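These numbers come from a predicted model, not from an experiment. In what follows, every chain begins at residue 1, and chains take the letters A, B, ... in the order their sequences are listed. Note that these values count all heavy atoms, side chains included, but never hydrogens, waters or copies made by symmetry.
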Amino acid sequence: MNEDQVAEQFIVDLLQFLKSSKLYTDLFNAAQIEAFKPSLRVSELRKGVQSGLINGGWDRKLRNAIYHYLHTHPQQPTLPDPEHNKEPLLYIRKAQQTWEKKILKSLNSMCTELNIPLARRRAEREQKDMAARWTELGTDGPDERPWISLKSPGKEPGSIPIPSAMPTSTDTWRHKNLGQIRPVYAPKDFLEVVAGLQNTNYQNSVSNGGSFYNFWGIIQVPVKLKTINQLRVQYSEMSINQCQTGVDDLPDIPSELFDADRAKLGNKVLAANHAPVAREFSKKGCPDSMRGEMWCQMLGVEVDEVDILYYEQLKTCVLQHDLLVDNLLYKDVKLTATNDDHYFVFEDYLYQVLLPFSRDTVILKHFSHNCATPPKSYIRGKLGVEEFAVVYPPNGVIPFHGFAMYVAPLCYVYNDVVTLYHVFRQMYIQYFFRLHSVSSDPQGIVALSLLFEILLQTNEPELFFHLKNVGCQPLKIAFKWLMRAFSGFLASDQVLLLWDRVLSFDSLEILPVFAVAIFSFRKSNLMKVQTYNAAEAVLADVTTLQVVPLLQLALFSK
Amino acid sequence: MSSCCPPPKMARLKYATDFDKSVLLNNFDTRGWVQVSTDDDWNIYWAGVHNIRNIFSVECGFRMGDDQVINHFPNHVELTRKDLMVKNIKRYRKELDKEGSPLAEKDENGRYVHLDFIPLTFMLPADYNLFVEEFRKNPNTTWIMKPCGKARGIGIFLVNKLSQLKKWSRDGKGNSFVAPTAKETYVISKYIDNPLLIGGKKFDLRLYVLVTSFRPLKCYMYRLGFCRFCTVKYNANVSELDNMFVHLTNVSIQKTGEDYNAIHGGKWTVENLRLYLEGTRGKEVSDKLFDDINWLTVHSLKAVAGVISNDRHCFECYGYDIIIDDNLKPWLIEVNASPSLTATTSSDRIMKYNLMSDVCNIVIPPGEFPDVRWNKVPAKENYGNFDLLVDEELAQAELLSQEVKARAGASNATVRGARDLRKPTTWK
Ligand SMILES: Nc1ncnc2c1ncn2[C@@H]1O[C@H](COP(=O)(O)OP(=O)(O)OP(=O)(O)O)[C@@H](O)[C@H]1O
Ligand SMILES: [Mg+2]
């Protein structure tokens with residue numbers, strides 16, 4: 001396809017998308033109402049309807065819809081091989097596939113070891129009971145209902161059989177055995193995969209066998225990165241001479257200086273309800289009281305009856321079937337949020353988001369541009385027969401240790417579970433999925449890790465060199481921060497200020513920049529360490545750090 | 001600043017204490033202070049409440065010197081005993097009412113508009129008849145019975161039937177002429193049955209308030225207070241009335257529950273509460289809530305200012321217990337004279353260590369010896385995490401200087417110190 005054809009196809013797709021959206025029907029109805037207005041002259045029908053729609057705020061809605069479409073559908077030629085849309089580089093694709101097999105295998109062996117099924121239909125009585133406890137799933141301890149044992153799962157790697165029917169037993173399985181459930185993988189396992197990536201073609205061309213691309217770091221993949229100067233331009237709204245929310249609006253600063261005007265402007269922005277405007281505003285941070293709406297506008301989340309119904313439907317799915325991944329999710333919450341000073345009060349909200357999330361097949365759509373592929377399993381007895389393949393879990397996402405922390409900070413912003421759910425889902429398919437799948441995308445974890453290493457190496461060469469010499473590769477410490485988008489490491493208000501920047505600049509690059517900032521800030525202590533453990537100790541507690549001043553330091557001080 | 005002999009760079013104060021608490025001792029020791037016995041010539045004595053009465057009693061004959069300070073006011077019980085606090089607040093409101101003060105404004109139901117910040121409370125057995133009258137008016141209300149002389153949730157129970165109170169009725173007690181001791185006296189308060197719930201759980205606030213003088217009133221609010229959460233979901237159902245894990249937020253109670261988490265101890269910072277409230281309910285209502293809390297704190301102190309013996313050697317750091325209801329109205333539950341210095345978690349230890357340090361810096365200018373002739377106006381940089389709530393002396397002085405300026409024809413634009421936040425005048 002040539003460029004024109006690509007553009008044409010894109011428009012066709014966009015129109016197709018709009019026509020099948022709810023907005024189309026709404027617009028149509030609104031236009032009819034305008035057309036029926038007695039004041040309208042037939043000769044001016046078109047003009048009158050148009051201006052009526054504009055006055056009614058419909059053009060904003062249409063613009064927002066197109067904006068969000070453009071945003072989530074990068075204009076690119078549809079490649080003959082859909083695999084290329086997911087990931088153009090073969091060796092990266094291979095690495096992701098190998099990794100997926102490994103995760104599946106470990107999930108499989110957990111099934112076998114603990115003798116539990118992947119899924120089980122709940123009896124009527126159990127469903128009722130769970131529905132009654134829906135808002136307090138954490139309190140009674142997870143589901144104490146009987147679990148069913150089943151025959152050992154299939155042997156073929158990469159597939160897990162789902163039994164079509166199951167006997168009942170009175171084991172209170174989960175209650176007794178949550179202790180045996182372990183996270184399928186943790187950041188450090190995933191770091192091994194990322195660090196192990198090798199471009200065979202590239203490697204061969206270097207005569208000394210080593211890569212010259214990233215001298216000291218552990219990521220040896222050539223991905224195109226922004227330079228510090230490009231980042232400075234990108235993040236210029238954060239420069240030191242500009243007032244920032246979260247810094248210049250603290251209670252002991254007179255509000256006349258910044259806060260009052262900021263609030264006024266914020267209200268105007270919210271009233272305009274236009275995503276790009278909200279983005280511009282949020283580049284300097286969202287005031288705590290406006291964040292909820294601001295984020296919804298930036299993400300294009302506008303919860304309506306359909307969304308509420310949809311959530312209810314997901315909830316029903318949760319009630320109907322007990323999934324093995326539920327155990328992983330319960331376990332993850334128990335290991336993270338439940339013990340966290342900042343998030344323990346929200347424990348029950350997390351179940352209400354995470355369990356429906358695992359049933360949500362809308363998530364599957366993002367796999368068209370994600371290098372990862374949802375795991376499949378087969379109905380019992382039909383192993384390998386495509387018609388009997390099902391995605392497992394239904395959303396295609398196997399949670400890792402710390403997954404719940406993607407949701408936790410949002411509980412400070414949204415009280416209503418349905419809104420919380422939809423915002424989280426949008427953030428996941430727009431950003432978070434990139435933090436745990438192998439890909440060469442500039443927003444992917446590989447590029448972010450490399451950006452961290454290169455920036456640190458450029459900004460703080462002596463620090464990097466010192467740490468490397470004492471056997472402490474900086475990324476080994478920073479990787480978990482990146483993978484969790486810093487959630488659970490910073491104070492809650494600070495994570496939100498950081499995520500403001502992710503959304504408003506529409507980029508995850510702020511994460512490695514901030515990781516570099518932390519290393520710079522703790523430099524004098526880090527220069528003294530002689531072991532990996534000592535370095536880890538210096539960086540173990542970062543809850544006291546202020547995000548914005550540190551970012552400014554890393555971006556603009558040199 | 002102190003007028004007598006210029007102190008050395010870091011004055012080596014002598015301290016005495018009844019507590020063997022690391023947050024206290026480490027604090028004093030890092031300042032280079034030296035510990036002495038309580039019988040020695042200490043400069044600062046961190047005393048337990050039980051020793052205060054002796055120290056100030058006439059029989060003891062002990063007189064403090066100008067370089068000595070102590071951490072309690074002699075009759076702090078006027079504020080910190082449940083029944084006395086209620087009495088003093090009731091009297092304060094009546095007095096304001098008599099003066100015709102606008103503060104004592106009442107609504108159509110006869111409720112104070114600005115001073116309705118403690119739950120309706122009666123003393124038992126003294127007010128038994130009054131209580132019965134009130135009970136009959138609203139027989140479906142739940143009440144909470146608390147022994148006046150106890151703490152940490154001991155002896156507390158919920159009441160929703162008069163029969164549960166037989167023991168405290170006048171006739172039940174037999175001879176009504178024998179005045180009951182504090183141990184036998186109870187307060188019975190309207191139970192706040194619509195507490196603000198977060199994650200479905202009830203919590204209360206523990207805030208620290210430092211008073212360095214009652215007349216003129218000088219008081220500070222600590223920013224790093226915390227919420228104490230119940231481990232069990234709240235349930236107003238009568239069947240749960242005797243489940244104290246649902247209703248009492250005391251750490252000493254919750255700690256014994258099986259769902260107690262030792263890592264965070266059910267404690268959530270006030271900063272997080274504020275972040276959550278601003279995020280989910282908006283800035284205006286959150287600001288109002290915290291203004292209301294400051295307001296009730298100041299008026300609870302004003303209510304006792306007249307009766308407290310305002311000894312210049314004294315300062316006191318109170319633990320305020322506040323419950324927020326689901327209309328975001330704060331209710332003062334109790335004031336503790338000796339808030340716990342036991343750290344339950346590591347962040348708790350850091351916070352309490354800082355609290356003690358900040359108290360010391362306000363009470364005694366760093367590096368100096370205490371001097372009771374000092375005007376108790378600490379430098380702003382010594383506030384630490386405290387915010388000044390009120391300094392009546394400073395306020396008075398500012399008012400005067402403004403008048404002078406106004407008379408001199410100077411612009412009377414108030415000079416607002418950048419750190420001088422939330423003046424009382426902005427509250428109502
Ligand atoms: N009127 C009320 N409405 C609702 N809850 C209340 C009320 N009064 C007290 N409580 C609950 O009971 C707990 C204990 O009450 P209070 O602080 O008055 O007693 P205490 O035993 O002296 O506690 P401590 O001395 O440990 O602070 C409070 O923290 C609060 O959770
Ligand atoms: Mg109390």
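- Within a 6.0 Å radius of CZ in R522(A), more than 12 heavy atoms belonging to other residues, nucleotides or ligands are found.
- The residue among G265(B), G200(B), G266(B) with the most heavy atom pairs within less than 4.5 Å of chain A is G266(B).
- When every heavy atom of L496(A) is checked against every heavy atom of L275(B), the shortest pair comes out as CD1-CD2, 4.1 Å.
- D416(A) does not touch chain B: none of its heavy atoms, backbone or side chain, sits under 4.5 Å away.
- Heavy-atom distances place the side chain of Y349(A), and not its backbone, under 4.5 Å from chain B.
- W268(B) and Y412(A) have parallel rings, their planes meeting at less than 30° on a 0 to 90° scale where 60° marks the start of perpendicular.
- Note that OG of S492(A) is 9.0 Å distant from CD of E271(B), once rounded to the nearest 0.5 Å.
- Heavy-atom distances place no part of C286(A) under 4.5 Å from chain B, backbone and side chain included.
- Looking only at side-chain heavy atoms (C-beta outward), V413(A) and Y276(B) stay at 4.5 Å or farther from each other.
- Annotation for F258(A): atom CZ counts as buried by contact number, over 12 foreign heavy atoms lying within 6.0 Å.
- Here the side chain of H264(B) pairs no donor or acceptor atom with the backbone of Y343(A) at under 3.5 angstrom.
- Within the 4.5 angstrom heavy-atom criterion, only side-chain atoms of N261(B), from C-beta onward, approach chain A.
- Using a 4.0 Å cut-off between charged side-chain N and carboxylate O, R274(B) and D288(A) make no salt bridge.
- More than 12 heavy atoms of other residues, nucleotides or ligands lie within 6.0 Å of CD in E381(B), so this atom counts as buried by the packing criterion.
- Checked by atom type, the side-chain pair N272(B)/H342(A) shows a donor-acceptor distance below 3.5 Å.
- What you find for S347(B) and D341(A) is that their closest heavy atoms are OG-OD2, 2.9 Å.
- Judged by distance alone, with hydrogens and angles left aside, the side-chain atoms of K233(B) form a donor-acceptor pair with the main-chain N or O of T135(A) at under 3.5 Å.
- I198(B) is listed as a side-chain neighbour of F346(A), based on a closest heavy-atom distance under 4.5 Å.
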